[in-house]
Novice: 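The following block contains the structure, expressed as structure tokens.
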Amino acid sequence: MARATTQQPAEHADPPEAAGEQAASTRGQLPPHYDFSALDPELYESWEKAGVFAASTSQSARTGGARAPFVVLMPPPNVTAVLHMGHGLNNTVPDVVVRWRRMAGDEALWLPGTDHAGIATQNVLERQLASEGLTRFDIGRDAFVARTRAFVEETGGTILQQLRTIGASADWTRTAYTLSPELSRAVREAFVRLHERGLIYRGHRVIHWCTRCLTALSDEEAEHAEHDGRLYHIRYPLTEPAGGLEAITVATTRPETMLGDVAVAVHPDDPRYAAIVGRTVTLPIAGITIPVIADPAVEQEFGTGAVKITPAHDPNDFELGLRHELPMPIVISPEGEMGEITDSAGRVPESLRGLDRFEARDRIVAELKAAGLLEKVEPHRHSVRHCYRCDTVVEPRLSDQWFVRMKPLAEPALAAVTRGTIRILPERWEAVYVNWMENIRDWNISRQLWWGHRIPVWYCDDCDPPQNVIVSREDVSECPHCGGTVRQDEDVLDTWFSSWLWPLSTLGWPEEDSDDLRAFYPTDVMISAPEILFFWIARMVMAGYEFRGEAPFHTIYLHGTVRDTQHRKMSKSLGNGIDPLDVVRLYGADALRWTMISGLGMGADVMLDPNDLERSFAPGRNFVTKLWNIGRYLLANVGTGSVEPLAAVEDSRLQSADHWILARLDAAIAACNEALGPARPPGWDRSASGTTWPPAEQAAGMRLNEYAESARAFVWNEMADWYLESVKHRLATGDADAAVVRAVLVHVFDAALRLLHPIVPFITETLWRQLPAREVAGTFLAQSSWPQPTARGSAGEFERIREAVTALRQIRADYNIPPGQMIKARIASGNPEAFRSGLPIVERLARTEMTLGSADGEAAAAHAVLTDGSEVVVPLAGLVDLDRECTRLRSELSELERHLLSLEQRLANERFTSKAPASVVEAERQKQQEWSARRKLLARKVEELCAG
RNA sequence: GGGCGAAUAGCUCAGUUGGUUAGAGCGCCUGCCUUACACGCAGGAAGUCGGGGGUUCGAGUCCCUCUUCGCCCACCA
């Protein structure tokens with residue numbers, strides 16, 4: 001039998017025993033599974049070689065071309081990064097969107113690149129040095145930077161190579177790097193311009209300091225984490241008792257900072273302390289005298305209502321210190337050790353100097369206790385800031401840093417979102433963005449690191465302020481005022497100071513006339529994780545307005561996080577990660593992409609099971625295999641010979657199944673388009689100025705999971721399960737009708753591959769290139785067109801066939817009628833030819849015979865009522881016992897009656913009929929009629945069968 | 001401390017402005033190697049939509065409240 005050929009395992013694709021069979025020669029060419037590991041890399045290479053991903057400025061409508069530009073910027077991964085699942089998600093999403101737009105006729109640009117990642121990369125190199133027993137100070141700045149640069153050149157960009165394996169269709173010809181000469185130029189330009197506008201200034205204040213990285217951090221880089229600490233109540237004895245008090249008790253979570261105390265503050269209205277304001281206390285351990293002052297910032301209710309003031313080691317105390325013109329001694333070193341660092345002589349006893357701040361804490365507490373000055377210690381849960389790179393507890397520390405004045409920058413960036421030029425999806429993040437912008441604080445941009453953009457500021461030691469500070473676009477070798485020697489600022493800029501220019505700098509800015517800038521700025525969609533909304537995305541918006549006067553993009557799409565089954569974020573340190581390259585190896589890139597996209601509700605996290613890859617990735621692989629097998633069937637049965645274009649097939653030649661699948665295709669295309677949504681707000685492809693999202697589109701689109709599901713359901717549940725199965729016999733005849741099927745099938749499959757290509761590019765491209773329908777030999781699906789509806793289908797007739805067939809299958813299953821057993825079905829009404837012709841292959845295998853006629857007079861029969869009220873009857877003579885059928889019918893009837901009753905009650909309710917929309921009422925009436933008819937038929941059946 | 005979100009089948013999640021008998025994938029049960037596909041086909045079981053209250057002709061959907069979980073922000077030491 002023919003079956004024998006299909007049973008052959010893949011390795012024996014050309015079995016000798018099948019040689020005599022005609023079908024075997026074609027069918028044998030393709031194995032039953034798609035060999036992604038062999039085909040995908042080759043395919044990617046040919047895409048890249050053919051320039052499929054490269055965008056051209058001359059095509060952009062903004063620079064004289066005919067296509068709307070569509071631009072997505074890759075959030076640049078750290079240059080030292082290796083691909084993890086987060087990258088997988090973060091890059092699959094834009095790839096799907098970009099591939100969609102590329103097919104939809106846009107000039108699509110996905111611009112890739114890497115970030116030099118100052119602090120992160122420096123940490124990597126410092127760890128390397130540490131393993132050799134060295135620190136960066138041992139080898140010096142120049143050697144360290146050189147070594148880092150060499151390391152980056154050698155190993156950097158690995159991740160960009162890895163992104164190719166998951167199919168990322170980025171324009172690699174434009175690959176950018178935040179520390180490249182071009183981007184460095186943009187960084188300097190931005191710094192100097194902001195400085196000229198008075199938006200960059202040198203500030204002396206308390207900042208977040210990482211004692212391990214030895215650098216200042218921005219507010220965003222100092223992350224809050226809840227921590228179970230203690231609140232220490234410490235008695236500071238009054239120099240002279242007053243107001244009945246011997247001492248004043250302060251509460252603190254960081255006793256070690258008391259050595260830097262310069263005052264004790266109380267609320268001016270606090271009656272408890274009114275008498276001692278203006279007096280002095282003796283600071284224990286240090287043994288110095290400090291004043292008691294009054295300030296309204298003190299909360300009377302918290303702790304004891306008295307607070308110790310350490311201006312150099314607490315931002316609040318610093319502000320208060322400024323108001324009261326207090327001294328600001330620094331008692332903790334950059335490394336986090338106690339010492340008399342600045343203006344603190346006589347404050348730190350010899351025994352504490354050089355001690356780590358946390359050891360010092362314990363020591364000080366012990367000493368206080370011994371001296372009877374520790375009143376009590378309470379458990380106190382509070383949040384402590386940590387370095388976002390090394391998790392070290394951040395030490396607030398007085399220092400000189402460069403700051404960006406953010407308020408003026410935030411104004412247009414805030415307005416862009418509130419007025420709707422930029423939308424944020426999911427919408428709930430909009431409030432978060434707005435809140436941050438409204439409460440924006442100045443940005444500390446200087447870092448005491450070696451790896452990064454050196455701050456373009458030079459100092460002349462011979463000139464007086466303000467001439468001694470030179471801010472310059474070009475390197476400065478001598479003082480422009482006195483001609484003397486200058487020295488450059490030792491610090492580098494925050495990594496994010498180069499990242500926030502990404503939309504501008506990667507397109508050629510500050511060259512205002514750059515072709516790329518004119519053709520591709522503003523970009524379109526910014527796709528990223530919510531974690532960097534403030535670090536990066538919000539600042540890009542500010543930079544866009546500040547330096548170019550336009551929003552950098554119109555949509556911010558924040559996807560979820562990849563988590564494990566316990567909802568923990570996947571991370572190397574937790575050891576719960578999944579290596580995307582393992583997944584690619586075992587399941588294929590398409591399967592990985594499928595899992596990412598199909599599981600991605602709007603803003604929802606993607607849950608994966610690191611211990612059960614099968615569970616997470618089998619669905620994608622299975623779908624790919626399904627597609628592959630549809631393709632196999634097509635190639636074997638349609639062949640590669642020429643096929644009539646669908647447009648050449650007159651409607652009269654189409655049968656019910658053909659009409660149906662064409663209608664379903666149109667519905668699928670519409671559903672996919674709806675889910676993907678508008679690509680841009682009106683007018684954006686020309687200019688962004690004044691553009692806003694229409695309210696109706698504000699939250700539309702970017703439902704990638706819905707798009708995936710619509711396409712999948714069409715291909716699998718409609719095209720494969722029904723259409724393919726019901727046209728097999730027609731295709732086999734080889735006559736004129738077979739030509740119709742070939743035309744429809746090829747058209748529909750071609751459209752399906754187009755619909756699916758953005759999600760599963762490898763399998764679809766591979767199949768498409770073998771289809772007889774491809775436009776021109778040598779072209780790629782990746783750059784072909786997005787499918788258009790045919791407007792030629794109608795679903796009605798075949799829907800009835802599907803209903804009838806499903807009814808037959810239920811009857812078969814209910815009565816355990818064996819697969820080989822022929823059943824004779826009678827359809828109460830309809831076109832018997834259409835039924836016969838539309839039967840799927842399984843029913844047609846000498847299993848079902850359909851006739852048309854009244855259902856009357858079948859005594860022992862199973863039956864089903866279709867939605868149009870007609871019946872399908874299968875005589876059961878000798879096949880089953882009637883009691884079962886009776887029971888089944890009765891339960892069906894009672895269920896129907898229950899529903900009908902509630903429906904009728906609803907319709908009888910006058911308030912319903914008067915208040916509900918007419919269309920709803922009409923639909924309910926229709927339903928009532930249908931159900932009544934069905935009830936009648938069912939009741940009669942029950943009477944006939946179950947009477948005896 | 002402030003703000004936001006989530007809770008729907010055993011698991012992961014859909015469910016768009018309130019309107020048919022609440023869906024999908026995985027898992028589970030039954031039967032099937034049937035002309036591409038057992039990584040498959042056919043059929044099936046399974047949900048008082050977190051608890052309570054309210055608005056409405058009608059609530060998974062809107063309002064209030066409680067519980068649990070998660071996220072963001074935050075200068076009460």
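Owing to the predicted nature of the structure, the values given are computational and were not obtained by experimental measurement. Each chain gets a letter, A, B and so on, in the order its sequence line appears, and its residues count up from 1.
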Novice: Measure from NZ or CZ of Lys927(A) to the centre of the six-membered ring of Trp931(A), then state whether that distance is under 6.0 Å and the direction lies within 45° of the axis.
Specialist: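 Yes, cation above the ring, under 6.0 Å and within 45°.
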Novice: Quickly work out the Gln929(A) CD to U20(B) C1' distance and round it to whole Å.
Specialist: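 Atom CD in Gln929(A) sits about 15 Å away from atom C1' in U20(B).
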Novice: Looking only at atom P, what distance separates C4(B) and U65(B), rounded to whole Å?
Specialist: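 These two P atoms come out 12 Å apart once rounded.
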Novice: Report which part of the nucleic acid Glu725(A) touches: base, sugar-phosphate, or nothing (heavy-atom distance under 4.0 Å, all strands).
Specialist: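 Glu725(A): base contact, heavy atoms under 4.0 Å.
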Novice: At under 4.0 Å between heavy atoms, what does Asp609(A) touch on the DNA or RNA strands: base, sugar-phosphate, or nothing?
Specialist: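 If one applies the 4.0 Å heavy-atom cut-off, Asp609(A) turns out to touch nothing in the nucleic acid.
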Novice: What is the distance, rounded to the nearest whole Å, between atom OH of Tyr633(A) and atom P of C37(B)?
Specialist: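 Rounded to whole Å, this separation is 11 Å.
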Novice: Check this one for me: any side-chain N or O of His233(A) less than 4.0 Å away from OP1 or OP2 of A77(B)?
Specialist: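 No, because none of the side-chain N or O atoms of His233(A) sits under 4.0 Å from OP1 or OP2 of A77(B).
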Novice: Provide the full list of salt bridge (charged side-chain N to carboxylate O under 4.0 Å, His left out) pairs with a residue in residues 608-618 of chain A, sequence neighbours left out, each pair given once.
Specialist: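 Found Glu614(A)-Arg621(A).
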Novice: Any idea which of U35(B), A36(B), A42(B) is nearest the Leu845(A) side chain?
Specialist: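 Looking only at side-chain atoms, Leu845(A) lies closest to U35(B).
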Novice: Can a side chain N or O of Lys626(A) be found less than 4.0 Å away from OP1 or OP2 on C41(B)?
Specialist: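 Answer yes for this pair, as a side-chain N or O of Lys626(A) is under 4.0 Å from OP1 or OP2.
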Novice: So what does Ala251(A) hit on the nucleic acid, given a heavy-atom distance under 4.0 Å: a base, only sugar-phosphate, or nothing?
Specialist: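 Base, at least one base heavy atom under 4.0 Å.
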Novice: Roughly how many Å apart are G47(B) and A7(B), using the C1' atom of each and rounding to a whole number?
Specialist: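 After rounding to an integer number of Å, I get 14 Å for this pair.
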Novice: Select base, sugar-phosphate, or nothing to describe what Arg844(A) touches, counting heavy atoms under 4.0 Å on all strands.
Specialist: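 It contacts nothing in the nucleic acid.
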Novice: Mind checking side chain to side chain donor-acceptor pair (under 3.5 Å) for Arg906(A) and listing every partner two or more places apart, or none if nothing turns up?
Specialist: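 Partners of Arg906(A) under the side chain to side chain donor-acceptor pair (under 3.5 Å) test: Glu924(A).
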Novice: If the condition is side chain to side chain contact (heavy atoms under 4.5 Å, CB included), which residues does Met607(A) pass it with, not counting sequence neighbours?
Specialist: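 Listed in chain order: Arg563(A), His567(A), Asp605(A).
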Novice: Do nucleotides 21-32 of chain B as a string where each nucleotide becomes B, S or -: B if the base has a protein heavy atom under 4.0 Å, S if just the sugar-phosphate does, - if no protein is that close.
Specialist: B--SS-------
Novice: To the nearest Å, how far apart are Ile841(A) CD1 and C37(B) C1'?
Specialist: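 About 15 Å, once rounded to whole Å.
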Novice: Closest to the Phe302(A) side chain: C73(B), A36(B), A77(B)?
Specialist: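 Among C73(B), A36(B), A77(B), the one nearest the side chain of Phe302(A) is A77(B).
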Novice: Which listed nucleotide (C71(B), A36(B), U12(B)) is nearest to the side chain of Trp429(A)?
Specialist: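 Closest nucleotide among those given: C71(B).
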Novice: How would nucleotides 1-9 of chain B be written as a contact map, 5' to 3', with B for base contact, S for sugar-phosphate-only contact and - for no contact, using protein heavy atoms under 4.0 Å?
Specialist: ---SS----
Novice: Considering only C71(B), C76(B), C57(B), which nucleotide approaches the side chain of Phe912(A) most closely?
Specialist: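 So the nucleotide nearest the side chain must be C57(B).
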Novice: For atom P, what is the distance between U61(B) and U16(B), given to the nearest Å?
Specialist: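 To the nearest whole Å, 11 Å.
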Novice: Between Leu901(A) (CG) and U20(B) (P), how many Å, whole number?
Specialist: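 To the nearest whole Å, that distance equals 18 Å.
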Novice: Give me the distance, rounded to whole Å, that separates U8(B) from C69(B) when you measure between the C1' atoms they each carry.
Specialist: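 U8(B) and C69(B) have their C1' atoms separated by 16 Å.
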Novice: Report which part of the nucleic acid Ala720(A) touches: base, sugar-phosphate, or nothing (heavy-atom distance under 4.0 Å, all strands).
Specialist: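 Base: the residue Ala720(A), judged by heavy atoms under 4.0 Å, touches a nucleobase.
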Novice: Step by step, work out the side chain to side chain contact (heavy atoms under 4.5 Å, CB included) result for Val264(A) and Ile309(A).
Specialist: CA-CA 6 Å; Val264(A) 170; Ile309(A) 301 300; over 6 Å; no
Novice: Whole-Å distance between C57(B) P and Asn909(A) CG?
Specialist: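 So the two atoms are 8 Å apart, to the nearest Å.
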Novice: Rounded to the nearest Å, what distance is computed from the CZ atom of residue Arg911(A) to the P atom of nucleotide C57(B)?
Specialist: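 Interatomic distance, CZ of Arg911(A) to P of C57(B): 5 Å.
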Novice: Is the closest basic N to carboxylate O distance between Glu697(A) and Arg423(A) below 4.0 Å?
Specialist: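 Between Arg423(A) and Glu697(A) there is no salt bridge, as every charged N stays at least 4.0 Å from the carboxylate O atoms.
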Novice: If you look only at pairs with a residue in residues 698-710 of chain A, which of them pass as a side-chain hydrogen bond (donor to acceptor under 3.5 Å, both in side chains), with sequence neighbours excluded?
Specialist: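 Sorted pair list: Glu709(A)-Arg712(A).
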Novice: Please work out which of the three classes, parallel, tilted or perpendicular, describes the rings of Phe535(A) and Tyr388(A), given edges at 30° and 60°.
Specialist: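 Answer is parallel, since the angle falls under 30°.
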Novice: According to side chain to side chain contact (heavy atoms under 4.5 Å, CB included), who are the partners of His324(A), at least two apart in sequence or on a separate chain?
Specialist: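 Result, side chain to side chain contact (heavy atoms under 4.5 Å, CB included) vs His324(A): Ile293(A), Asp295(A), Leu320(A), Leu326(A).
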Novice: Residues in side chain to side chain contact (heavy atoms under 4.5 Å, CB included) with His380(A), at least two apart?
Specialist: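 His380(A) satisfies side chain to side chain contact (heavy atoms under 4.5 Å, CB included) with Leu231(A), Thr253(A), Phe302(A), His382(A) once adjacent residues are dropped.
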Novice: Regarding Lys728(A) and the six-membered ring of Tyr633(A), is the cationic atom NZ or CZ under 6.0 Å from the ring centre and inside 45° of its axis?
Specialist: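 Yes; both conditions hold, so Lys728(A) lies above the ring face of Tyr633(A).
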Novice: Give Pro396(A) one of three labels, base, sugar-phosphate or nothing, depending on what nucleic acid heavy atoms sit under 4.0 Å from its own.
Specialist: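 Pro396(A): no heavy atom of the nucleic acid under 4.0 Å.
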Novice: Heavy atoms only, 4.0 Å cut-off, all strands: where does Val298(A) land among base, sugar-phosphate and nothing?
Specialist: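 Result for Val298(A) = base.
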Novice: Checking all strands, does Leu724(A) fall into the base, sugar-phosphate, or nothing category for heavy-atom contacts under 4.0 angstrom?
Specialist: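 If one applies the 4.0 Å heavy-atom cut-off, Leu724(A) turns out to touch a base.
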Novice: Keeping to residues at least two apart or across chains, list the salt bridge (charged side-chain N to carboxylate O under 4.0 Å, His left out) pairs with something in residues 296-312 of chain A.
Specialist: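 Residue pairs passing salt bridge (charged side-chain N to carboxylate O under 4.0 Å, His left out), neighbours aside: Asp261(A)-Lys308(A).
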Novice: Please list every stem that involves RNA chain B, where a stem is a run of 3 or more consecutive Watson-Crick or G-U wobble pairs with both pairing distances under 3.5 Å.
Specialist: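 The stems that RNA chain B takes part in, listed by first number, are B:1-7 with B:67-73, B:10-13 with B:23-26, B:28-32 with B:40-44, B:50-54 with B:62-66.
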Novice: Base, sugar-phosphate, or nothing: which does Phe623(A) touch, judged by heavy atoms less than 4.0 Å apart?
Specialist: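 The residue Phe623(A) makes no contact with any strand.
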Novice: Restricting to pairs with a member in residues 914-923 of chain A, which pass side-chain hydrogen bond (donor to acceptor under 3.5 Å, both in side chains), not counting sequence neighbours?
Specialist: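 Sorted result for residues 914-923 of chain A: empty, none.
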Novice: Taking only the side-chain heavy atoms of Ser383(A) (C-beta and beyond), determine which of C37(B), G19(B), A74(B) contains the nearest atom.
Specialist: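 My answer, after comparing the listed nucleotides, is A74(B).
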Novice: Considering only the C1' atoms, how many Å lie between A74(B) and G51(B), rounded to the nearest integer?
Specialist: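 Their C1' atoms lie roughly 32 Å apart.
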Novice: Out of C57(B), G43(B), A42(B), which has the shortest distance to the side chain of Asp721(A)?
Specialist: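 When the side chain of Asp721(A) is considered, A42(B) is the closest of C57(B), G43(B), A42(B).
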Novice: Should His224(A) be counted as stacked on C73(B), where stacking needs a ring-centre gap under 5.5 Å and an angle between planes under 30 degrees?
Specialist: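 Stack criterion not met.
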Novice: Taking only residues two or more places apart in sequence or in another chain, which ones pass side chain to side chain contact (heavy atoms under 4.5 Å, CB included) with Thr913(A)?
Specialist: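 Result, side chain to side chain contact (heavy atoms under 4.5 Å, CB included) vs Thr913(A): Glu910(A), Val921(A), Arg925(A).
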Novice: Reckon Gln926(A) has a side-chain N or O less than 4.0 Å from the OP1 or OP2 of U20(B)?
Specialist: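 Result: no.
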